[in-house]
Amino acid sequence: MRNLMSCLTLVAIAGLSVPPQLAAQQSLSEPERELTRYVDDHNEEALALLERVVNINSGTVNLAGVREVGRIFSAELDALGFSTRWIDGESFERAGHLVAEHAGTGNGPRLLLIGHLDTVFEPDSPFQRFQLLNDSTATGPGIIDMKGGDVIMVQALKALRAAGLLDQMNITVVMTGDEEKSGRPLNLARKALIDAARAADHAIAFEDGDGDPRTAVIARRGALDWQLETKGTPAHSSQVFREDIGAGAIYEAARILNSFYEELSGEPNLTFNPGLVVGGTAAEFSAGQARGTAFGKTNVIAESAVVSGDIRTLTLDQLESAKTRMRAIVSQHRPHTSAEITFDDGYPPLAPTAGNRRLLDMFDRASRDLGFGPVSAVDPRKAGAADVSFTAGLVDMAIDGIGLMGRDGHTVNETADLRTLPIQTKRAAVLLYRLAQGNSIP
C-alpha cells in the first residue's frame with residue numbers, strides 16, 4: 001500500500017501539470033511544511049478510511065447505514081478532541097446529523113466545516129462496494145459525493161492536530177444525513193446546519209464540485225420544487241375548442257409550459273424543468289414518491305393535469321422575480337380552464353459574494369504555494385444545490401468543492417481520482433491553518 005500511495009503522489013504531480021513542489025513550497029511556513037509531511041505519511045490511513053466508509057451503504061433512506069457512517073466519523077473526531085453529538089432525524093423522517101465542536105484557545109475566526117454522510121445509492125442498488133481500478137482511480141458508491149470529501153476534512157484536521165495547531169482553532173463540523181434527499185419539513189431538517197452557520201464566521205464545504213481540482217465553488221444555484229395543477233371542462237373530444245367548453249386541462253398545461261420556455265429560458269443562470277406530467281379525465285400525483293397516475297381516453301377532453309418540476313436561480317432576487325413571472329403566466333387562463341402553481345421550500349442560492357471570492361483567493365494562494373497550481377471559480381451552472389447554500393447571508397465567506405475529485409457522481413460509474421486525495425487534503429489543511437492565523441487576501 002505504501003508503494004501505491006507514493007506512486008499516486010508522483011502521478012498526481014505529473015498528471016495535473018503542476019510546477020515542482022519543492023520549489024513552490026519555499027512559500028510555506030515550517031508549520032505548513034509539517035502539515036504536508038503528515039498528509040504524505042498518512043495517505044495509507046486516508047485510503048483505508050475511504051474504503052471502509054464507502055463499503056457501508058448509506059443511501060439516504062437507509063437510516064441505519066447513515067447512522068453507522070456517522071458513528072465512524074464521530075469516533076474519528078472524538079479522537080481529535082471534538083465534542084460530538086448526534087441530532088436525531090425522526091422529526092424530519094431521516095437518520096439525523098453528526099455535529100462536532102472544537103473550542104480552541106485562540107481568538108481566530110469560527111470555522112464551519114460541512115460534509116454529508118448519505119449517498120444516492122440505496123440498499124437495492126447494484127453499486128455497493130469500493131473497488132480499486134488501477135494505481136490512480138477507484139470506484140464506489142458515494143466515493144466522491146461525498147465520502148471522499150469527508151475523509152479529506154478529517155485528514156486535514158488530523159494533520160493540524162499532529163502539528164500542534166488544532167488546539168487554538170475554533171471549529172464546528174456538521175455532517176448531514178440527508179443531503180441527497182432532504183427530510184421534511186426542511187426548516188427542521190436543516191436547523192442544525194443553520195444554527196451552526198449563525199455561530200460561524202466562515203464556511204468550508206467538501207463536496208466534489210465539478211470534479212476538476214483546478215476549480216472550487218463560490219456560488220451555487222438554489223433549487224426548489226414547483227407544482228402546476230390545471231383544470232378543464234370535460235366533454236366529448238369532438239367538441240374541443242368550442243366557446244362554451246374550451247381546450248381542456250392538458251392544453252392549458254401545455255400553454256403555460258411553452259410560455260415559461262419562451263419568456264424565461266434566455267435568462268442567465270435561471271433554469272426551470274418540468275420533470276413529470278400526468279393528465280386526463282383524472283390525474284393524481286404524490287410529491288413524496290415523485291410518482292403520478294392518470295386515466296383518460298382519446299375521445300374525452302382532459303379535466304385535470306399535474307406538472308411537477310424544479311427551478312434553479314443564482315440569487316434570491318432572481319428567484320423571486322422568476323416566481324412572480326411564472327405566476328403571471330399561469331394566471332392568463334384559456335377559456336373554461338383554471339390553473340394554480342405552488343412553490344415548495346428548497347435549497348437557497350449561494351450568491352458569488354466578495355467574501356466568497358476572498359476565500360477562493362486564499363485557497364488559490366495555498367494551492368500555488370503547495371505547488372499545485374491555480375484554482376478558479378467554477379461556473380455556477382456546473383454546481384448543483386448543496387448544503388453550503390444554507391450558510392448564505394450567515395457567514396462572511398464560504399467556499400465549496402474542495403473534496404475528492406473524480407467523475408460520474410450519482411451514477412454506478414462514480415469514480416474517484418485518487419491522485420487528488422493528498423492534494424486536496426494539503427490544500428484544506430493549509431487553508432484552515434491560515435484562516436486560524438487571521439491571514440487574508442485583500
Side-chain angles (χ1 to χ4, degrees), residues 60 63 66-67 70 73-74 77 82-103 109-118 146 149-150 153 170-207 217-225 310-320 323 343-353 355-356 359 380 383-403 435:
T60 306
L63 306 190
V66 173
R67 293 188 188 105
F73 283 115
S74 178
L77 292 166
F82 281 75
S83 174
T84 62
R85 68 184 190 276
W86 185 258
I87 306 296
D88 185 73
E90 182 178 1
S91 63
F92 47 93
E93 301 181 338
R94 292 294 183 267
H97 313 309
L98 172 62
V99 177
E101 296 171 317
H102 185 276
R110 296 161 297 178
L111 305 178
L112 170 60
L113 310 186
I114 302 171
H116 68 81
L117 307 166
D118 62 318
M146 66 169 289
D150 295 333
M153 179 201 303
N170 298 289
I171 299 175
T172 297
V173 173
V174 177
M175 293 186 179
T176 62
D178 63 340
E179 196 271 350
E180 300 294 2
K181 188 173 178 59
S182 299
R184 289 292 188 271
L186 193 60
N187 65 318
L188 291 181
R190 287 298 169 271
K191 183 178 185 303
L193 178 59
I194 292 171
D195 287 347
R198 287 194 175 112
D201 296 307
H202 313 315
I204 301 170
F206 290 78
E207 289 270 13
V217 177
I218 60 169
R220 284 188 178 274
R221 295 188 300 159
L224 71 159
D225 293 340
D310 77 354
I311 180 172
R312 296 171 187 264
T313 63
L314 187 57
T315 67
L316 287 174
D317 286 345
Q318 186 179 47
L319 173 61
E320 291 307 314
K323 288 164 67 174
F343 296 91
D344 195 6
D345 292 332
Y347 276 59
L350 178 72
T353 65
N356 296 355
L359 191 50
D387 281 340
V388 70
S389 296
F390 287 94
T391 72
L394 301 177
V395 297
D396 298 329
M397 303 188 294
I399 194 172
D400 196 359
I402 66 172
L435 283 170

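Residues take their numbers from the sequence shown, with the count starting at 1.
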Do the non-hydrogen side-chain atoms of [X] and [Y] ever get within less than 4.5 Å of each other?
{"X": "Leu98", "Y": "Val173", "value": "no"}
{"X": "Val395", "Y": "His202", "value": "no"}
{"X": "Leu111", "Y": "Leu435", "value": "yes"}

To the closest 0.5 Å, what do you measure between [atom1] ([X]) and [atom2] ([Y])?
{"X": "Glu179", "Y": "Glu207", "atom1": "CD", "atom2": "CD", "answer": "5.0 Å"}
{"X": "Leu112", "Y": "Asn170", "atom1": "CG", "atom2": "CG", "answer": "12.5 Å"}
{"X": "Leu224", "Y": "Asp345", "atom1": "CG", "atom2": "CG", "answer": "8.0 Å"}
{"X": "Phe73", "Y": "Asp150", "atom1": "CZ", "atom2": "CG", "answer": "4.5 Å"}
{"X": "Leu350", "Y": "Thr315", "atom1": "CG", "atom2": "OG1", "answer": "11.5 Å"}
{"X": "Thr172", "Y": "Phe82", "atom1": "OG1", "atom2": "CZ", "answer": "8.0 Å"}

With sequence neighbours excluded, give me every salt bridge (charged side-chain N to carboxylate O under 4.0 Å, His left out) pair touching residues 387-402.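 Residue pairs passing salt bridge (charged side-chain N to carboxylate O under 4.0 Å, His left out), neighbours aside: Arg190-Asp387, Arg220-Asp400.
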
Pairing residues for [X] by the salt bridge (charged side-chain N to carboxylate O under 4.0 Å, His left out) criterion, not counting sequence neighbours:
{"X": "Lys191", "value": "Asp195"}
{"X": "Glu93", "value": "none"}
{"X": "Arg184", "value": "Asp344"}
{"X": "Asp310", "value": "Arg312"}

Sub-3.5 Å donor-acceptor pair from the side chain of Arg198 to the main-chain atoms of Leu193, do we have one? no

Answer yes or no: is there a donor N or O on one side and an acceptor on the other, between the side chain of Arg85 and the main chain of Ala100, under 3.5 Å?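 Side chain of Arg85 to backbone of Ala100, a donor-acceptor pair under 3.5 Å: no, none is there.
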
What pair of heavy atoms forms the shortest contact from [X] to [Y], and how long is it?
{"X": "Leu314", "Y": "Ala219", "result": "CD1-CB, 3.9 Å"}
{"X": "Ala223", "Y": "Ala385", "result": "CB-CB, 3.9 Å"}
{"X": "Ile114", "Y": "Val388", "result": "CD1-CA, 4.0 Å"}
{"X": "Asn356", "Y": "Ile218", "result": "ND2-O, 3.1 Å"}
{"X": "Ala95", "Y": "Leu63", "result": "N-CD2, 3.4 Å"}
{"X": "Ala192", "Y": "Val99", "result": "CB-CG2, 4.3 Å"}

Can you say whether the rings of Phe390 and Tyr347 are parallel (under 30°), tilted (30 to 60°) or perpendicular (over 60°)?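 Phe390 and Tyr347: perpendicular rings.
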
Is the distance from the ring center of His97 to that of Phe92 below 6.0 Å? yes

For Thr60, check side-chain hydrogen bond (donor to acceptor under 3.5 Å, both in side chains) against everything at least two apart and list the hits.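 If we apply the side-chain hydrogen bond (donor to acceptor under 3.5 Å, both in side chains) test to Thr60, skipping adjacent residues, the hits are Asp118.
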
